[in-house]
Amino acid sequence: MTYERAGAGRRLDVALALLDDGDGSGAAELAREAVALAPSWAEAWFVLGEALELAGDKDAGVAAFRKYLEHDPSDRLGSSPRLALLGAADTPERLPPAYVRQLFDQIAPAFETQLVDRLGYCGPRLLWQTLQAFKQNLPECPTILDLGCGTGLAGEIFSVLGGVMDGLDISPGMLAQARAKGLYRALQSGDIATPPDDLCLRYDLLIAADVFNYLGDLASTFSSCAGRLKPGGLLLFTVEADLETPDDLRSAYSLGPGQRFRHDPMALRAWLSGNGFSLLAQDRATLRREKGLPVEALVILAQKDQPAAIGRSTGGAAPAPWTLPGAG
């Protein structure tokens, strides 16, 4: 590490502490010194953007976030959604995969304590409750795919169905936590929007708890889900919902202040129908709490129709079929 980078690092550490204390102006001063010493250090530009935004200097913050993207096009720290929330960029169709992966890798060891104990997260339980009235639609010992399985919270609940369960998640750190529970037949690190290209494997049930809120346009994702389900198979998921905006002013999806997407119920129904699904249930519930306030969600259960519906999508052609290593 060069002398300049070391000096920039010391300044950035103090800037981050000032940010935690709510001192945007003080943090911005030190972050400016950090980028002057290490102008190619992406993280320093991002912290400068955060500090300037907190200090109320929106235009300078936007410039710093854009500078960050020049040095880290993968956007591991999530500059592009910040720019969208500041009105300086269009709403993205999804959050950057590198950002989501790093976010969950970092919080994996403490994920369940933070999410369940502190924020009252109950997504898997909500899914289970919605499924109860339609369990007759599943065969005995169903095959299940847990999309965005995380640490296996949903797996703990749905394992009582007695079938076999596979899991897919973008974060290797989260998968390590899930693997230790011994609930899954196979686990793989991958992106649910662009799943691995491999042999086809069909499931009776796909579950996605608090996962689709990292994706905006869900048309191609629902197409992918249709391709992984047997005819008559079930897709069960939660989404954060935009329920307050009048119907005529609501967009298909919007980015909330927590940098997660909120979806319009009418858009969800259109995407599902366009990909060969029939809506069985749509329940409103509180998913968790954020900054002391309830996060409103929809719990949706849909059933795959006839095979001819697979691949029909407003988002394009069906993706290649895929499987998981070790799945028989």
Side-chain angles (χ1 to χ4, degrees), residues 111-112 115-116 119-138 142 144-161 163 165 167-169 192-193 203-219 221-226 228-229 232-245 247 250 252-254 256 258 260-290 293-305:
F111 176 77
E112 294 189 12
L115 195 64
V116 178
L119 302 181
Y121 172 66
C122 56
R125 178 170 56 81
L126 294 174
L127 293 180
W128 180 253
Q129 290 173 350
T130 295
L131 181 64
Q132 295 315 294
F134 300 91
K135 286 175 68 175
Q136 70 277 5
N137 294 58
L138 287 174
I144 305 169
L145 176 60
D146 188 354
L147 291 167
C149 62
T151 61
L153 287 172
E156 291 176 338
I157 292 177
F158 282 82
S159 62
V160 302
L161 290 174
M165 186 162 44
L168 176 71
D169 199 277
I192 64 171
Y203 293 90
D204 299 303
L205 173 65
L206 268 60
I207 56 176
D210 206 23
V211 176
F212 290 160
N213 52 342
Y214 296 96
L215 303 171
D217 188 335
L218 291 173
T221 300
F222 288 161
S223 174
S224 175
C225 289
R228 318 310 159 206
L229 280 169
L234 301 180
L235 172 62
L236 180 60
F237 62 93
T238 63
V239 288
E240 293 186 22
D242 183 358
L243 300 171
E244 305 304 326
T245 305
D247 290 350
R250 195 184 294 155
Y253 57 90
S254 60
R260 289 179 297 274
F261 289 100
R262 298 168 177 171
H263 291 89
D264 170 31
M266 294 179 65
L268 291 168
R269 290 194 292 271
W271 286 328
L272 287 167
S273 177
N275 285 289
F277 285 100
S278 296
L279 184 66
L280 296 183
Q282 177 179 291
D283 300 325
R284 181 172 176 172
T286 296
L287 186 62
R288 63 178 181 281
R289 300 190 70 82
E290 188 171 289
L293 299 175
V295 175
E296 295 302 316
L298 292 176
V299 186
I300 292 179
L301 178 64
Q303 186 167 36
K304 178 181 170 180
D305 297 329

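Since this is a predicted model, take the numbers as computed values, not measurements.
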Looking at [atom1] of [X] and [atom2] of [Y], how far apart are the two atoms once the value is rounded to the nearest 0.5 Å?
| X | Y | atom1 | atom2 | value |
| --- | --- | --- | --- | --- |
| Asn213 | Arg262 | CG | CZ | 11.0 Å |
| Leu145 | Met165 | CG | CE | 10.5 Å |
| Ile144 | Ser159 | CD1 | OG | 8.5 Å |
| Asp305 | Ser273 | CG | OG | 8.0 Å |
| Leu235 | Leu301 | CG | CG | 8.0 Å |
| Leu218 | Phe212 | CG | CZ | 6.5 Å |

Shortest non-hydrogen contact from [X] to [Y]?
| X | Y | value |
| --- | --- | --- |
| Ala285 | Val299 | CB-CG2, 4.4 Å |
| Phe158 | Pro124 | CE1-O, 3.9 Å |
| Leu280 | Phe134 | O-CZ, 3.5 Å |
| Ala219 | Asn275 | O-ND2, 3.2 Å |
| Leu287 | Ala297 | CB-CB, 3.8 Å |

Under 4.5 Å between any side-chain heavy atoms of Thr221 and Leu147, yes or no?
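In short, these two side chains do not touch, never coming nearer than 4.5 Å.
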For a side chain to side chain donor-acceptor pair (under 3.5 Å) check, start with the C-alpha distance between Arg228 and Ser224, then their side-chain angles and the critical distance, and finish with the verdict.
CA-CA 7 Å; Arg228 318 310 159 206; Ser224 175; 3.2 Å; yes
Could you go step by step and tell me if Leu131 and Ile207 meet the side chain to side chain contact (heavy atoms under 4.5 Å, CB included) rule?
CA-CA 10 Å; Leu131 181 64; Ile207 56 176; over 6 Å; no
Would you confirm whether [X], through its side chain, and [Y], through its main-chain N or O, come within 3.5 Å as a donor-acceptor pair?
| X | Y | value |
| --- | --- | --- |
| Thr130 | Leu127 | no |
| Asp210 | Thr238 | no |
| His263 | Gly216 | yes |
| Lys304 | Gly233 | no |
| Asp169 | Gly150 | yes |
| Gln282 | Ile300 | no |

Begin with the C-alpha distance, continue with both residues' side-chain angles, and end with the deciding distance and a verdict on side chain to side chain contact (heavy atoms under 4.5 Å, CB included) for Val295 and Arg289.
CA-CA 6 Å; Val295 175; Arg289 300 190 70 82; over 6 Å; no
Classify the angle between the aromatic ring planes of Trp271 and Tyr253 as parallel (below 30°), tilted (30 to 60°) or perpendicular (above 60°).
tilted
Is there a side chain to side chain contact (heavy atoms under 4.5 Å, CB included) between Thr151 and Leu115 once you walk through the steps?
CA-CA 11 Å; Thr151 61; Leu115 195 64; over 6 Å; no
Less than 4.0 angstrom from a charged side-chain N to a carboxylate O is my criterion; do Glu240 and Arg288 meet it?
yes
For the rings on Phe222 and Phe237, is their centre-to-centre separation under 6.0 Å?
yes
